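Let me begin by presenting the structure, written as structure tokens, before commenting on it.
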Amino acid sequence: MAERFLTYLPTLLAGVQVTVTVTVLAILLAAALAVPAGLGRMSGNRPVRMLAGAFIEFFRGTSALVQLYWIFFALPLVGISFSPVVAGVVALGCNVGAYGAEVVRTGFLAVPRGQADAAISLNLPRWSRFVDITLPQAIPIMIPPFNNLFIQLLKGTSLVSLVTLADITYQAKLVRTETGDSALVFGIALAIYFGLALLITAGMRFLNRMFYVPGMGAEGSSK
């Protein structure tokens with residue numbers, strides 16, 4: 001068994017680079033979309049609120065796999081083509097970004113209203129109230145749910161194997177087809193995904209400690 005493990009491992013590890021690349025880029029895109037969409041959902045401007053709501057509901061209400069297929073196979077029909085990596089990043093980033101927008105919205109709503117009222121009574125400018133008072137308290141609340149979303153995103157990267165990207169899942173299916181050793185091959189793949197998920201959790205716990213505010217959120221609660 002150890003000999004077979006050492007034989008399969010290099011091929012499976014070859015897919016790690018693709019999986020990590022798609023995961024990191026999709027996380028960055030998801031975060032970049034979640035913040036304006038979440039804030040837009042709370043905007044007093046109706047068109048902005050409706051636009052943010054449409055983005056959130058569309059990408060939460062449709063399949064991530066179909067979104068990926070549509071971006072990769074349908075958009076070229078109207079002259080817009082993406083590489084498999086970009087298609088995977090856009091599909092997963094938009095999908096997770098829509099869920100993240102609700103995390104952002106609820107994070108800000110969880111900050112006690114009295115904090116903003118106190119800042120107003122001190123005559124602080126609007127931008128200062130947001131950056132210095134509300135944001136530092138909202139971030140620790142948002143980190144644990146974002147940890148879960150990013151792990152979901154990592155697991156969702158297995159979808160990119162369906163648009164020809166040689167990620168961990170693609171490599172595992174390749175080795176399994178050649179050897180028929182399903183248990184060991186997919187067992188190694190599971191272990192690799194688990195290890196990557198632990199790295200995401202470790203990173204989010206680090207952020208949790210950085211932004212921890214006594215009384216807001218729970219230090220080290222990102223699991």
Side-chain angles (χ1 to χ4, degrees), residues 20-61 64 89-157 196-223:
V20 170
T21 299
V22 173
T23 300
V24 171
L25 293 178
I27 283 176
L28 294 175
L29 178 60
L33 292 172
V35 174
L39 295 176
R41 190 71 158 161
M42 299 186 294
S43 173
N45 185 302
R46 188 176 181 186
V48 172
R49 193 168 62 250
M50 291 178 65
L51 182 63
F55 166 77
I56 293 169
E57 297 306 327
F58 176 79
F59 281 99
R60 286 199 315 170
V89 169
V90 171
L92 294 171
C94 289
N95 187 272
V96 173
Y99 287 96
E102 288 298 89
V103 171
V104 171
R105 185 178 69 86
T106 54
F108 279 105
L109 291 178
V111 177
R113 174 65 189 174
Q115 299 287 323
D117 292 339
I120 293 172
S121 69
L122 294 173
N123 201 28
L124 291 178
R126 190 167 188 168
W127 176 252
S128 181
R129 295 201 301 267
F130 177 78
V131 173
D132 298 326
I133 305 297
T134 306
L135 184 61
Q137 298 183 74
I139 288 177
I141 299 171
M142 292 187 277
I143 288 176
F146 263 116
N147 181 51
N148 292 332
L149 284 179
F150 291 159
I151 290 175
Q152 289 293 332
L153 190 154
L154 166 68
K155 293 185 289 187
T157 58
L196 294 175
L198 289 179
L199 288 177
I200 291 176
T201 297
M204 297 303 283
R205 282 181 172 170
F206 174 75
L207 291 178
N208 207 26
R209 288 193 294 272
M210 280 184 61
F211 292 100
Y212 175 67
V213 176
M216 297 298 296
E219 186 177 19
S221 62
S222 298
K223 296 179 179 178

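Predicted model only: the values in this text are computed from it and were never measured.
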> Are more than 12 heavy atoms from other residues, nucleotides or ligands located less than 6.0 Å from atom CE of M42?
Replying inline: yes

>> Working note: L39 + V35, criterion side-chain contact (heavy atoms from CB on, under 4.5 Å); need CA distance, chi angles, decisive distance, verdict.
In response: CA-CA 6 Å; L39 295 176; V35 174; 4.0 Å; yes

> Between A138 and G107, what is the shortest heavy-atom contact and its length?
Replying inline: CB-O, 3.8 Å

> If you round to the nearest 0.5 Å, how far is CE of M50 from CD of E57?
Replying inline: 12.0 Å

>> Using only atom types and a distance under 3.5 Å, with no angle test, would you say the side chain of E102 pairs donor to acceptor with the backbone of A98?
In response: no

>> To the closest 0.5 Å, what do you measure between CD (Q137) and CD1 (I139)?
In response: 11.0 Å

>> Rounded at 0.5 Å granularity, tell me how far OG1 in T106 sits from CZ in R41.
In response: 12.0 Å

>> Holding to side chain to side chain contact (heavy atoms under 4.5 Å, CB included), I want the full list of residues that pass it with L199, two or more places apart in sequence or in another chain.
In response: L196

> Which residue pairs pass the ring-ring contact (aromatic ring centres under 6.0 Å, His included) test with at least one member in residues 136-157, sequence neighbours excluded?
Replying inline: F146-F150

>> Using every non-hydrogen atom in the two residues, find where C94 and L29 come nearest and quote the distance to one decimal.
In response: N-CD2, 4.4 Å

> Are L135 and F108 close enough that some pair of their side-chain heavy atoms sits under 4.5 Å apart?
Replying inline: yes

> At what distance, to the nearest 0.5 angstrom, does CD1 of I56 lie from CG of L33?
Replying inline: 10.5 Å

